[in-house]
Structure formats: structure tokens, C-alpha cells
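It should be emphasised that the depicted structure is a prediction, and the values quoted were computed from it without experimental measurement. Here is the naming used below: chain letters follow the sequence lines, and residue numbers restart at 1 for every chain.
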2 protein chains.
Amino acid sequence: MNTQSRRQREFEQRELLFVNAARDIIRSEGVSALTMDKIAELTEYAKGTVYKHFTCKEDILCALCLDSLGHMYDLFQRALTWEGCSREKIICIGVGYQLYTRRFPEEFDLLIAARTNNIREKASPERLERMDQVDSLVMNAIRAVIQLAIDKGDLTLKNNVLIDDLCFGLWSMSFGLLVLDHARDMISGLQLSPSDELMLTQMTNLLDGYQWHPLSSEQDYHGAYQRALEYLGTTQVKS
Amino acid sequence: MNTQSRRQREFEQRELLFVNAARDIIRSEGVSALTMDKIAELTEYAKGTVYKHFTCKEDILCALCLDSLGHMYDLFQRALTWEGCSREKIICIGVGYQLYTRRFPEEFDLLIAARTNNIREKASPERLERMDQVDSLVMNAIRAVIQLAIDKGDLTLKNNVLIDDLCFGLWSMSFGLLVLDHARDMISGLQLSPSDELMLTQMTNLLDGYQWHPLSSEQDYHGAYQRALEYLGTTQVKS
DNA sequence: TGAAAATATGACGAATCGTCACGCTTTGAC
DNA sequence: GTCAAAGCGTGACGATTCGTCATATTTTCA
């Protein structure tokens with residue numbers, strides 16, 4: 001009896017079809033132009049069918065986030081294979097995050113919105129749970145590098161600081177930086193270095209503060225940053 | 001001929017009335033429950049009158065942000081009067097930001113959303129411009145402290161790092177931290193220190209990385225953090 | 001006091017949401 | 001091959017909310 005599994009597979013394929021349609025609409029016309037009717041029309045299904053997959057509009061936005069989070073996860077996984085010291089690895093992850101926001105600017109917008117009650121109070125609990133799961137996976141990638149650094153003796157956490165605290169700090173810094181940089185042109189009268197340097201500078205200083213060795217005084221990380229960009233930049237996005 | 005100015009005053013008062021009504025609705029029923037009809041009903045005006053003030057729903061959301069940004073600015077101004085070394089001042093501003101997110105959690109949600117195209121592509125240009133202006137004011141508060149630190153010799157920027165780079169870094173770190181902390185319960189399986197310690201730890205390490213003196217090894221900032229909380233915590237929010 | 005200007009109103013058309021009763025397709029037993 | 005039952009897709013529909021605008025009301029000032 002593989003009818004069941006075939007049905008399931010077709011269902012998932014169609015879900016992806018809807019999600020991609022939503023992405024196309026948002027990319028070409030903006031989020032506010034996204035309607036359930038348009039998705040239905042574009043995919044040549046009826047609206048009722050779309051609602052078989054998503055409980056509401058916010059739910060499909062979350063599904064889109066979820067999909068793009070998968071791509072982010074892939075980038076992070078690849079970053080983990082980067083050859084280098086622990087600090088270079090964490091920089092590589094930061095680069096991955098940055099690349100993600102460049103490849104999926106619209107989805108990054110949504111990801112920000114999805115941290116907000118605005119969206120969450122409407123989306124389906126199931127979808128939110130799945131987003132949390134991917135969040136965890138992503139966090140684990142960062143945790144792994146921190147643990148590696150501790151094991152290698154590159155890093156010693158002081159004053160009851162927890163691994164997750166540093167993990168959260170790195171995530172916050174990158175997230176904040178990317179959100180604000182993403183909105184850079186909205187903030188007038190700001191005399192800033194280019195995005196790449198900005199990211200490296202802030203990470204460098206934060207990590208120096210944590211005494212994550214080798215310190216920037218002992219090793220220059222500009223080269224590593226550039227190489228990480230190239231390394232991940234050539235990564236194929238899985239279809 | 002002071003009819004004109006009286007009219008203007010009445011107009012502004014009514015705008016505030018609408019904004020506060022919007023805030024009340026959002027606080028008690030959530031953003032998605034906010035409708036123009038409800039605002040009209042609550043304030044006992046007709047919907048058309050509401051539309052004399054705001055071009056659309058997103059515009060009133062931005063107006064609400066703008067209002068709360070004013071409160072944030074007040075907190076920052078008060079933080080600048082804090083007696084202490086330059087590093088303590090910057091911590092005090094961080095505390096102000098944190099207090100802001102606690103006093104206006106709903107508005108902070110909106111502020112996040114307002115950095116996103118979702119909202120900005122609909123709100124009126126005038127309102128957006130005014131938001132940018134307040135953003136600049138806020139940035140200036142941070143800039144001022146950085147400049148002070150440089151003048152006093154507490155801080156020396158290296159490697160072509162600009163004042164605005166550090167300013168942006170501090171802002172990003174705090175913003176990211178607060179956004180993610182705001183959504184802390186959405187992120188499961190995270191073993192974190194309490195919010196206050198988290199904020200102080202991250203700022204401390206970032207500032208140490210920048211070699212902003214006195215370093216945390218030379219001076220303990222826990223006391224300053226606590227005092228800043230009390231100092232700003234007792235600040236009256238201007239009606 | 002009254003005409004003109006300014007302002008407020010809420011009924012209205014348009015857009016979109018999410019539902020659900022109906023009809024078509026697939027399935028699997030005979 | 002046939003048929004009943006189950007599963008699936010459909011799009012018309014009611015409900016909600018948006019934003020507008022012709023009309024009604026109020027204010028101004030000669």
C-alpha cells in the first residue's frame with residue numbers, strides 16, 4: 001500500500017509549489033500584493049486547495065520563512081566544514097548569515113516579522129513549532145563551534161557565562177547588524193564603512209572581548225573573511 | 001489671527017487621541033484586532049476623520065512607533081545626565097533601551113516591523129521621514145558618548161573604524177539582543193542567563209574588544225548597571 | 001446675520017479573507 | 001469492468017475591513 005506515501009509526496013510537492021508561487025509574487029510585487037487568490041491563480045489551483053495547506057495568509061508567510069531557513073541551515077552546515085581555527089569557523093558562520101540575507105532579502109524581511117506577535121498570533125502552531133525546530137538546529141551549529149573552541153582551549157568562559165549566552169550574543173549581534181544594515185538606506189546621515197567590514201569589525205571586537213583566541217592582535221582575520229565569502233559564495237543553493 | 005494655531009493645536013491633540021486609542025486596542029486585543037472603525041468608535045469620531053490624520057492603517061502604526069520613540073528619546077536624554085565615566089554612560093543608554101522595550105513591548109514589536117518593507121511600502125513618506133529624524137536624534141545620543149570617550153582618552157578607534165561604525169555596532173547588538181530576548185520564549189531549549197546579565201555581558205565584551213577603558217578587568221560594571229536601572233527606572237514617562 | 005470656507009460624517013464600492021456544500025476523481029472489493 | 005464509498009478539489013458565498021467622497025454640519029469673519 002504505497003498509495004498513501006505517494007499522496008503524501010504529491011501533497012508536499014504541491015506545498016512547495018505554493019510556497020514558491022508566494023515567493024515569486026512577493027519578489028515581484030511586494031508582500032502587500034500577496035493574496036491567496038493570486039497564489040491560486042498562479043498555480044492553477046482553487047483557493048480552497050491552497051487552504052488545505054495553510055490555515056491563513058500568515059501561515060504561508062511562515063512556510064516561506066521555513067523554506068528559506070532551510071537554505072540558511074545548509075549554508076551553516078557548509079560553514080562548519082570550513083578548514084580553519086575555531087574563530088575562523090565562527091566568522092564563516094557569520095558570513096553564511098550575511099550571504100543568506102543577500103540571497104533572500106524578502107524572506108529575511110519576513111523572518112524579522114515572524115519574530116513578532118503580529119504574525120505569530122495568526123500562524124498555525126504546527127508551523128511555528130517547525131520554525132522553532134529549525135531555529136534550534138541553527139543554534140546548534142553555533143554551539144558546536146563554541147564547544148570546539150572551549151575543547152581546543154581557544155576560549156574560556158568566565159563569570160558564570162553560559163555557552164548559550166555567548167551563542168545568543170553572537171546571534172543577536174549578527175541579527176541586529178543584518179537587520180539594521182538591511183535597512184541601512186532608511187537611516188539617513190550615517191557615515192558607515194561598507195557592510196562587509198562592518199560585520200567583521202563588530203564580530204572581531206566581540207570575540208576579542210570574550211578573549212577568543214587567537215585574538216585579532218595575534219592574527220588578522222580579513223583574509224579569512226574574504227575566503228569564507230568565496231567558499232560559501234560558490235555554494236550551490238539546493239533546488 | 002490665532003485661529004490657525006489653535007486649530008493646529010487641536011489637530012495635534014486629536015492625533016494623539018487616535019494614537020492612544022490605537023495603543024489601547026493593540027494592548028488589549030493585539031495588533032490584528034486593530035481596525036480603523038474601532039479607533040473611530042473608541043474616540044467617538046467618524047472613520048473619515050481618522051483618515052484626515054493617517055493615510056492608512058500602516059501609517060497609524062508608524063505614528064504609534066513615533067510616539068513611543070519619543071519616550072525612548074527621553075530615556076536616552078536622561079541617560080546622558082548620568083554621572084559616571086564614559087563607559088558607564090553607554091551602559092546607561094543600553095539600560096534605557098532595555099527599559100523602553102519593557103515599558104512598550106507592543107510598540108517595540110511595531111518598531112521591529114517598521115524596519116521592514118511590509119510596513120514601509122504603505123506608510124506615508126512624511127511619517128517615515130519623521131521616524132528617520134527621531135532615529136537620528138537617538139543615534140546622536142550614542143555618538144555623543146563615544147565622542148566623549150575619545151576626547152577623554154578612554155577610547156581610541158583603530159584600523160579606520162569610524163565613530164558611526166561603533167555607534168552602529170552598539171545599536172545592532174542592543175537591538176538584536178532585545179528583539180531576540182523579546183522573543184525568548186519562542187526559542188525553546190535555550191539555557192540562558194537572565195536578561196539583565198545577558199545584556200551586560202554582551203555589552204561588556206563588545207566594549208572590552210574595542211578597548212574602551214576602564215576595561216571590565218579594571219572595573220566591575222555590575223553596580224553601575226544596577227544603579228542605571230534604578231536611575232532610569234524612576235524616570236517619569238512624560239504624559 | 002448669513003454666505004463662504006473649513007471640517008466631520010458614515011454610507012458605499014472594492015478588495016480580500018476564509019468557509020463549505022457540492023461534484024468530480026480515485027480507490028479497491030467483487 | 002463496475003460500482004459504492006472515500007477522498008479530494010472547487011469556486012461561489014458571506015463576512016470583514018479598507019479607503020473614498022458626496023453630503024451635512026460647524027466655524028469663521030465681513
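- Heavy-atom contacts from other residues, nucleotides or ligands closer than 6.0 Å to CD of A:Glu10 number more than 12.
- As rounded to whole Å, 14 Å separates atom C1' of C:dC12 from atom OH of B:Tyr51.
- Atom NZ in A:Lys122 sits about 10 Å away from atom P in C:dC17, given to the nearest Å.
- Atom pair A:Tyr45:OH and C:dT25:P shows a separation of 14 Å (rounding to whole Å applied).
- The phosphate of D:dC18 (OP1 or OP2) has a side-chain N or O of B:Lys57 nearer than 4.0 angstrom.
- Between D:dG7 and A:Arg7, no contact under 4.0 Å exists linking OP1 or OP2 to a side-chain N or O.
- No donor-acceptor contact under 3.5 angstrom links the side chains of A:Gln226 and A:Glu230, judged on distance only.
- One can place NZ of B:Lys52 at 12 Å from C1' of C:dG10, the figure rounded to the nearest angstrom.
- What separates CE of B:Met36 from P of C:dG10 is a distance of 16 Å, to the nearest Å.
- Atom-to-atom, NZ of B:Lys47 to P of C:dT9 comes out at 13 Å; the value is rounded to the nearest Å.
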*Show your reasoning for whether salt bridge (Lys or Arg N to Asp or Glu O under 4.0 Å) applies to B:Glu106 and B:Arg23.*
CA-CA 8 Å; B:Glu106 293 82 7; B:Arg23 175 180 289 128; over 6 Å; no
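- Put simply, A:Thr35 has no side-chain N or O that comes within less than 4.0 Å of OP1 or OP2 on C:dT16.
- In this structure, A:Leu17 places its CG atom 13 Å from P of D:dG9, rounding to the nearest Å.
- Summary of the strand contacts: A:Ala33 and A:Gly48 both lie near DNA chain C, and taking for each the nucleotide with the nearest heavy atom, the more 5' one is attributed to A:Ala33.
- Atom-to-atom, CZ of B:Phe54 to P of D:dC18 comes out at 14 Å; the value is rounded to the nearest Å.
- Nearest to the side-chain atoms of A:Asp37 among the listed nucleotides C:dT9, C:dT16, D:dG19 stands C:dT16.
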*Please lay out, stage by stage, how A:Arg115 and B:Asp109 fare under the test salt bridge (Lys or Arg N to Asp or Glu O under 4.0 Å).*
CA-CA 9 Å; A:Arg115 299 253 167 249; B:Asp109 253 6; over 6 Å; no
